[in-house]
Amino acid sequence: MKQHLQQRKKSGSIIGISLVLALGAITMMLTACSDSEKGSVQPAPAARKTAQQPVTQPTSTVMKNVEQPVFSYASAGRRDPFSPLVSKAMTKERASARPPLERYTLSEFKLSGIVWGGFGYNAMVEGPDGKGYFVRVGTTIGSNKGVVKAITKDTIVIEEKFKNVMGATERKQITIQLRKTEEGMQ
């Protein structure tokens, strides 16, 4: 039984190989014939044109050689059409047009002090430019437009909104703590 199956497999593979070879030979012959016929085929003598006769047309439809006006473009005072509409200079201008508290990221601010009294808590934050800014609950701070949600005696809590990968708006709370000791002093 095993011998019979092995013979069938061999004969099936031989037939398949011979079919592939036969098809390859036929396609090669067809492409060779079409290439050789292209060079040897000549048009019939009746189909040859000896000389072209000029076509005469009535004078009303004959085109006259009229000079076309040359188009010129004066680019003086105009924007380059291939330059990007939003450039880095424009984004810097926009950043400088923002209030100072919104120009920097939250990690660049330092909490310098907290003042409380009858009017509630106020905090003083120091920006990277070395200037101090007073903030209270509801003040917008940071480049991501975070809002101060709470001020305690040693921290401020800022809430930022952002969109996650699914497109849903999420909120993140960031806490900045008051420094216990001054820099350089022990």
Side-chain angles (χ1 to χ4, degrees), residues 9 12-13 15-17 19-21 23-24 26-28 30-31 34-35 63 66-186:
K9 285 183 183 177
S13 64
I15 292 172
I17 291 173
L19 282 175
V20 169
L21 289 174
L23 287 173
I26 291 171
T27 55
M28 287 174 55
L30 289 176
T31 57
S34 65
D35 288 342
M63 293 188 74
V66 178
E67 286 191 32
Q68 296 289 332
V70 177
F71 180 76
S72 64
Y73 177 74
S75 63
R78 294 187 180 171
R79 182 183 71 80
D80 180 13
F82 299 105
S83 67
L85 293 174
V86 179
S87 65
K88 292 181 181 179
M90 291 176 77
T91 55
K92 287 181 182 178
E93 288 174 9
R94 287 185 192 153
S96 64
R98 296 169 104 181
L101 284 174
E102 294 180 23
R103 289 184 195 156
Y104 310 108
T105 61
L106 287 177
S107 61
E108 294 178 302
F109 287 107
K110 297 176 188 173
L111 183 57
S112 299
I114 296 177
V115 180
W116 64 91
F119 48 85
Y121 284 100
N122 284 330
M124 182 176 174
V125 292
E126 183 181 338
D129 56 358
K131 296 180 181 175
Y133 303 99
F134 280 100
V135 295
R136 62 176 72 171
V137 174
T139 303
T140 305
I141 184 172
S143 59
N144 296 332
K145 299 195 181 217
V147 178
V148 177
K149 288 296 179 181
I151 301 175
T152 63
K153 60 182 176 178
D154 60 347
T155 62
I156 61 171
V157 178
I158 302 164
E159 183 177 85
E160 286 185 341
K161 293 180 185 178
F162 67 95
K163 290 194 177 194
N164 62 10
V165 293
M166 301 300 287
T169 303
E170 291 187 14
R171 298 169 191 250
K172 175 174 61 170
Q173 288 193 346
I174 299 154
T175 304
I176 301 176
Q177 294 222 340
L178 184 64
R179 293 178 286 168
K180 295 294 180 186
T181 60
E182 287 293 319
E183 293 177 9
M185 300 180 88
Q186 303 226 354

> How far apart are the closest heavy atoms of Thr152 and Ile114, and which atoms are they?
Replying inline: O-CD1, 3.1 Å
> In Å and rounded to the nearest 0.5 Å, what is the CD1 to CD1 distance from Ile176 to Ile156?
Replying inline: 4.5 Å
Could you go through residues 157-167 and list every donor-acceptor pair under 3.5 Å that involves a side-chain atom there, pairing it with any protein atom two or more places apart or in another chain?
from: Glu159; atom 1: OE1; to: Arg171; atom 2: NH1; distance (Å): 3.0
from: Asn164; atom 1: OD1; to: Met166; atom 2: N; distance (Å): 3.1
from: Asn164; atom 1: OD1; to: Gly167; atom 2: N; distance (Å): 3.0
from: Asn164; atom 1: OD1; to: Ala168; atom 2: N; distance (Å): 2.9
from: Asn164; atom 1: ND2; to: Glu170; atom 2: OE2; distance (Å): 2.7

>> Just to verify, what does Thr105 make a side-chain hydrogen bond (donor to acceptor under 3.5 Å, both in side chains) with, not counting sequence neighbours?
In response: Ser107, Glu108
> Under 3.5 Å, side chain of Asp80 to main-chain N/O of Phe82, donor-acceptor pair present?
Replying inline: yes
> Please walk me through it: do Val125 and Ile141 pass side-chain contact (heavy atoms from CB on, under 4.5 Å)?
Replying inline: CA-CA 10 Å; Val125 292; Ile141 184 172; 4.2 Å; yes
> What residues, two or more places apart in sequence or in another chain, satisfy side-chain contact (heavy atoms from CB on, under 4.5 Å) together with Ser75?
Replying inline: Tyr73
>> What's the separation between atom CG in Leu111 and atom CG in Leu178, rounded to the nearest 0.5 Å?
In response: 5.0 Å
>> Under the criterion side-chain contact (heavy atoms from CB on, under 4.5 Å), I'd like the reasoning laid out for Phe109 against Leu101: C-alpha separation, chi angles, the key distance, then a yes or no.
In response: CA-CA 9 Å; Phe109 287 107; Leu101 284 174; 4.0 Å; yes
> Should Val70 and Gln68 be marked as a side-chain contact (heavy atoms from CB on, under 4.5 Å) after you check the CA-CA gap, both sets of side-chain angles, and the distance that decides it?
Replying inline: CA-CA 6 Å; Val70 177; Gln68 296 289 332; over 6 Å; no
> Please, which pairs that meet side chain to side chain donor-acceptor pair (under 3.5 Å) have at least one residue in residues 120-135, sequence neighbours excluded?
Replying inline: Asp129-Tyr133
> Taking all non-hydrogen atoms of both residues, which atom of Leu106 and which atom of Gly142 are closest, and how far apart?
Replying inline: CD2-CA, 4.1 Å
>> Looking at every non-hydrogen atom in both residues, tell me the closest pair between Thr140 and Glu102 and how far apart they are.
In response: CG2-OE2, 3.4 Å
